[in-house]
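Throughout, protein chains are lettered first and strands after them, A, B, ... in sequence-line order, and every chain is numbered starting at 1.
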Amino acid sequence: MSKKDTIAFEDRIVGFPQLGNYGIAIAEIAKLFGKKVILPPPITKRTIELGTKHSPEGVCVPFKYNLGNYIELVEKGANCLIQAGAGCRYGYYGEVQKKILADLGYNVQFITLNRVFDILGVYKKIKSVNPRQNAWSFGKTMVLVISKLWAIDAIEDICRKNIGFEARIGHIEGLFRAFLAELTAASTLGAVMSVKRKYSRLIASVPITKPYRPLRVGVVGEVYILMEPFSNFYLEKTLGKMGVEIHRFVDVTSVIWDSLHWRSYIKRQVKKARPYLTYDLGAHGTSSVAISNHLMKQGFDGIIHIKPFGCLPEINAMPMLNRVSRDYHCPVVYFSFDSQTSENGVKTRLEAFYDMLVFKRKKKRKI
Amino acid sequence: MKKIKCFLGVDIGSISTKAVVIDKNRKIYASSYIWTEANPIQAVKRLLGNIEEQLKGKNIEIIASGTTGSARELIGTILNATIIKNEITAHAIGTLHYHSDVRTILEIGGQDSKIIILDDGVVVDYAMNTLCAAGTGAFLQAQARRLSIPVEEFGEYAIRSQSPVKMAGRCTVFAESDLVHKAQMGYPREDIVAGLCNSIVHNYLNNVGKGKNISSPVVFQGGVSKNIGVAKSFEKILGLPIHIDDIGHLMGAVGIAILAGESDTEKPFSFDIKDINFTTTGIECGGCANNCELICVLREGKFMDAWGNRCPNGIVRAKQRMKELSTKSK
């Protein structure tokens, strides 16, 4: 680390890229990296414009979103940025973004947690930038962070499954916003748990008109696009509101949990994806196939596969998904997202997808 | 005498705009096919003029209308349509009426191409081209201009060819440089045109049709289906007979007209719409940093609807802004 790279702990203003609604949880861990933390401004068109302008053209779109976030964070005063990294090209994100930001003349400290999959690794990383960090408060923070992430995932899951059937439109969304606000304020494990309990009860008691067997659609694919609704044009919400129960199995909780024992996780996923796979596809490609296979066995009505344009692990998964789809007579639609995909195209395809599911159901009923 | 109740279907594509009027027995009373010329409102007005002309003297009353195609929401609002549906469903419904046993619908239009797989009269799978317009009508049109052959005669050139040249079909830019190269090498134009038709088919099958189970009967639709060269290439490459209807280019409009007829609601429709002044204004919302670009439709200066907002505040703001604008101009 060169001298210019390091900023004293007291002067650090930490920023991290936006990811769905997880910002409030990630902020807790970011506090360990510096004195002050600023939340990333919500992703807007400007974010992606900035990101695209300064990114290599062919890079996958999460990189562009992240970079746009960083630039906006720096504009707001951040001087210490955090990036993680894992399996695929994501592993190079940190280094390349650090270089780009330096070339742009931003004087920031860039901390990468590349391939840090265990709690101890995170602790070591924090210790290296903040030697005064003690293990006890680190542990306490981690418990809080993970419980918050888990609470968000649990509540989001209930919302996804019910949003298309609420009697009063906007009811669940309103509750969800209130939940996020209360969760932000929660500062102990107990508080998080009680907020989570309260809202799962509240959302469960929202009057809904769900048929006995609603249309069920599974969403699989690349992690960032799955979790950041802006980047997928609110695909889940749009489809859900047409009257579909949306199921998603990849969220931050699952990603963290699985990366703690990645090897055995992949082994299990390959097993689940049999007979379509015998080897790992890299990143979450394997789980896309495994989850689809699993869902189709359960008789789901359709699968939506989403990925950034040019995402190799997910492209690897597509031929297998085609096979799965043919064998189970269950449609799979593919969406590729980039910085310029028009919203209309996504909407048209989703509408057609919904129509198709409805027609198929009607036919089944006739038989 | 009692008036015959009819349904109007309008399909506003990127390149062409189509309309049909059918009755409940799906008999076509009037149809029209014109270029959109990037002005859907004007195109629809001209289209309605055509239709009205054709319906003159016939004792017909239109009780429901539907819109499909990429400008379906805009035109649907203007026409006060009974139903607004995506083009994939519309094409499937239209085709099923003429070929109840169809299993594969290949559709190549101006800007997009799609494949629809049906099983026993139900759509079971579909795909649409994702990011690029290669392998669509726009590509053929661009190449036709370069060869200075009218795009309508393209097919005839192609079937005269004995040995089509190989052409890169992946990307319009690559194909174009291939085309220039082959032309400068001295290949006859017939072979080049036939090569282009083959490259469209390869591109389509590799992009849209990838992994799809294409089985007979196959129906080929969309503007490009009028190109006999492409149809012949499809037959050769797929090894399956291809059906092409005379009204293949109108199928989306027929489908949406059928859907409009099947919906139980009746909305009166009048041809006066073509004399009403519709304007669209693009504004930037400004409600947050996202700055959604909103498109507002105004009927005689009065706000009708707006699109493009990513949150519910958009419409409210659009209404306000339009009011401000109109009071200012007064």
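When each of A/Gly170, A/Pro331, A/Ala352 is scored by its heavy-atom pairs under 4.5 Å with chain B, the top score falls to A/Ala352. In terms of non-hydrogen atom pairs under 4.5 Å with chain A, the most contact-rich of B/Asp119, B/Val124, B/Ile116, B/Ile88 is B/Val124. Of the listed residues (A/Met356, A/Lys360, A/His329), the greatest number of heavy-atom pairs within a distance under 4.5 Å of chain B belongs to A/Met356. Interface check for chain A: of the options B/Asn213, B/Asp112, B/Val123, the most heavy-atom pairs under 4.5 Å are formed by B/Val123.
Of the possible donor and acceptor atoms, one in the side chain of A/Glu228 sits under 3.5 Å from a partner among the backbone N and O of A/Gly20. Side-chain atoms of B/Thr68 come within 3.5 Å of backbone N or O of B/Glu87 as a donor-acceptor pair. Checked by atom type and distance alone, the side chain of A/Ser325 never pairs as donor or acceptor with a backbone atom of A/Leu321 at under 3.5 Å. No donor-acceptor distance shorter than 3.5 angstrom exists from the side chain of A/Tyr276 to the backbone of A/Val289, with no hydrogens or angles considered. Listed for the A/Asn66 side chain is no donor-acceptor partner under 3.5 Å among the backbone atoms of A/Pro17. Under the 3.5 Å distance criterion, the side-chain polar atoms of A/Thr286 are matched with a main-chain donor or acceptor of A/Leu281.
Taking the six-membered ring for Trp and thresholds of 30 and 60 degrees, A/Phe230 and A/Tyr65 have ring planes more than 60 degrees apart, a perpendicular arrangement.
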Starting from the C-alpha separation in whole Å, work towards a yes-or-no answer on side chain to side chain contact (heavy atoms under 4.5 Å, CB included) for B/Phe139 and B/Ile108. CA-CA 11 Å; B/Phe139 167 76; B/Ile108 305 187; over 6 Å; no

Just do the side chain to side chain contact (heavy atoms under 4.5 Å, CB included) check on B/Ile214 and B/Ile115 with the steps written out, would you? CA-CA 9 Å; B/Ile214 299 175; B/Ile115 186 166; 3.9 Å; yes

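With a 4.5 Å cut-off on non-hydrogen atoms, B/Ile93 touches chain A through its side chain but not through its backbone. For A/Phe353, the parts lying near chain B are the backbone and the side chain together; criterion is any non-hydrogen pair under 4.5 Å. Contact annotation for B/Lys114: neither backbone nor side-chain heavy atoms come within less than 4.5 Å of a heavy atom of chain A.
Heavy-atom neighbours of chain A within the stretch residues 71-79 of chain B, taken at a separation under 4.5 angstrom, comprise B/Arg72, B/Glu73. Below 4.5 Å, heavy atoms of chain A meet no heavy atom from residues 36-43 of chain B.
Rounded to the nearest 0.5 angstrom, A/Leu235 CG and A/Arg349 CZ are separated by 12.0 Å.
Contact of the B/Ile83 side chain with the B/Ile256 side chain is registered, since non-hydrogen atoms from C-beta on lie closer than 4.5 Å.
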In residues 304-319 of chain A, what donor-acceptor pairs under 3.5 Å come from side-chain atoms, sequence neighbours left out?
from	atom 1	to	atom 2	distance (Å)
A/His305	NE2	A/Glu314	OE1	2.8
A/Lys307	NZ	A/Ser336	OG	2.8
A/Glu314	OE1	A/Ser288	OG	2.9

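Residues passing the side-chain hydrogen bond (donor to acceptor under 3.5 Å, both in side chains) test with B/Ser14, sequence neighbours excluded: none.
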